[in-house]
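Below, chains carry the letters A, B, ... as their sequence lines are ordered, and counting in each starts from 1.
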Amino acid sequence: MPELPEVETIRRELVRKITNKKIVNFKITKPKLIKEPSVSEFKKGVIGERVKEVSRKAKLLTIKLKEDKFLIIHLKIAGWLLYGEEDPRARAVFYLSDGKVLNYMDSRVLGELRLCKNYKDLNFIKKLGPEALDISLSKFRELLISRKAKIKVLLLDQTLISGLGNIYAQEVLFLSKINPQRAANSLSQKETRLLHGKIVSILKEAIKHKGSSVDTYRDLGGDRGGMEKRLKVYGRKDKKCYFCKRPLKKISLGGRGNCFCPHCQK
DNA sequence: AATGGGACCTGCGCGC
DNA sequence: TGCGCGCAGGTCCCAT
């Protein structure tokens with residue numbers, strides 16, 4: 001699921017629902033999800049703590065429990081959070097002092113839960129490039145200028161620019177009419193500016209509509225996002241191009257599926 | 001150094 | 001209806 005807009009949607013709802021709540025108990029049914037410390041240390045470490053702050057770094061949620069204690073949640077592909085009643089499908093359950101629970105949902109069990117002294121120590125976070133929503137045009141231009149990697153692959157490289165995933169990377173290239181197979185350094189100044197603008201605008205639009213529920217993703221209340229209805233290329237292989245009405249094609253780039261319009265995206 | 005494939009997991013939709 | 005296959009929003013690791 002969760003690219004920047006989905007994680008940001010969850011963050012905003014979490015701020016309202018769990019800030020200042022105490023975690024009174026914790027249950028895990030898929031211990032593999034806990035990457036550090038040990039499962040028992042993790043459990044001991046979260047119980048009794050109060051949620052001080054809920055933040056987001058690219059696609060990760062960082063929940064501050066103490067100055068030196070952070071709960072880090074990476075939802076990976078299929079993770080989401082459900083607040084309210086305990087859910088039988090939950091992979092982990094945080095029991096809260098308001099009598100409600102926070103269910104960690106993840107059909108594919110690929111997500112990661114961590115408890116760390118400081119989230120900034122995490123290797124993955126250290127390596128993250130600037131956030132897609134914040135990166136300046138000149139920084140973005142610098143990124144592309146010396147790289148011959150395919151632009152689509154580059155947009156997904158979190159160490160260069162963070163927050164975009166396979167849905168929104170396809171969307172921004174389509175809206176910018178840039179072929180995903182183009183070498184990054186082949187983009188003109190005009191194309192680079194257009195792409196940069198589309199990255200910012202689509203992420204903002206997606207946040208406004210509470211993300212895309214193309215599959216498992218749901219918001220904190222279990223409701224679908226509204227953005228999937230507005231997507232123009234993602235998952236639309238063989239359907240008509242929004243611009244020219246010719247059929248969209250699907251190719252594989254960097255191991256990921258990619259829909260695009262060979263006619264409009266030059 | 002860059003690229004491609006597989007691994008991690010489960011569940012869904014499709015075609016036969 | 002039942003089964004096997006391909007595929008899925010992310011990231012890491014390895015081989016070439």
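Note: CG (A/D238) to C1' (C/dC7) measures 15 Å, nearest angstrom. A/E228 places its CD atom 18 Å from the P atom of C/dA8, with the value rounded to the nearest Å.
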Query - Contact pattern, 5' to 3', of nucleotides 10-16 of chain B - B, S or - by protein heavy atom under 4.0 Å - result: BS-----

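A/G255 comes within contact range of no nucleotide atom at all, as no heavy-atom separation falls under 4.0 Å.
Under a cutoff of 6.0 Å and an axis angle of 45°, A/K232 and A/Y242 form a cation-pi pair. With A/F243 as the aromatic partner, A/K177 meets the cation-pi criteria of under 6.0 angstrom to the ring centre and within 45 degrees of the ring axis.
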Polar pairs (N or O, both sides) under 3.5 Å between protein and nucleotides 11-15 of chain C?
from   : atom 1 : to    : atom 2 : distance (Å)
C/dT11 : OP1    : A/H74 : NE2    : 3.0
C/dT11 : OP2    : A/K59 : NZ     : 2.9

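Salt-bridge formation is not detected for the pair A/K210/A/E6: no Lys NZ or Arg NE/NH1/NH2 atom is positioned less than 4.0 Å from an Asp or Glu carboxylate oxygen. Using a cutoff of 4.0 Å between basic side-chain nitrogens and carboxylate oxygens, A/E67 and A/K64 are scored as salt-bridged. Using a cutoff of 4.0 Å between basic side-chain nitrogens and carboxylate oxygens, A/E131 and A/R56 are scored as salt-bridged.
Within the 4.5 Å cutoff, no side-chain heavy atoms of A/L60 are placed close to those of A/I73. Two residues are said to be in side-chain contact when any heavy atoms from C-beta on lie closer than 4.5 Å; A/R218 and A/D223 fail this criterion.
Here A/Y168 and A/Y234 keep their ring centres 6.0 angstrom or further from each other.
Across the C1' atoms, B/dT3 and C/dA8 are found 22 Å apart, a figure rounded to whole Å. Here the separation of C/dG6 from B/dG5, taken at their P atoms, is 15 Å to the nearest Å.
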Query - Steps toward side-chain contact (heavy atoms from CB on, under 4.5 Å) verdict (A/K35, A/L113) - result: CA-CA 6 Å; A/K35 302 302 172 183; A/L113 303 177; over 6 Å; no

Report task. Go through the steps to decide whether A/D121 and A/Y119 satisfy the test side chain to side chain donor-acceptor pair (under 3.5 Å), and finish with yes or no. Result -> CA-CA 5 Å; A/D121 296 341; A/Y119 66 92; over 6 Å; no

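For DNA chain C, runs of at least 3 consecutive pairs of the Watson-Crick or G-U wobble type, with both hydrogen-bonding distances under 3.5 angstrom, map to B:2-8 with C:10-16, B:10-16 with C:2-8.
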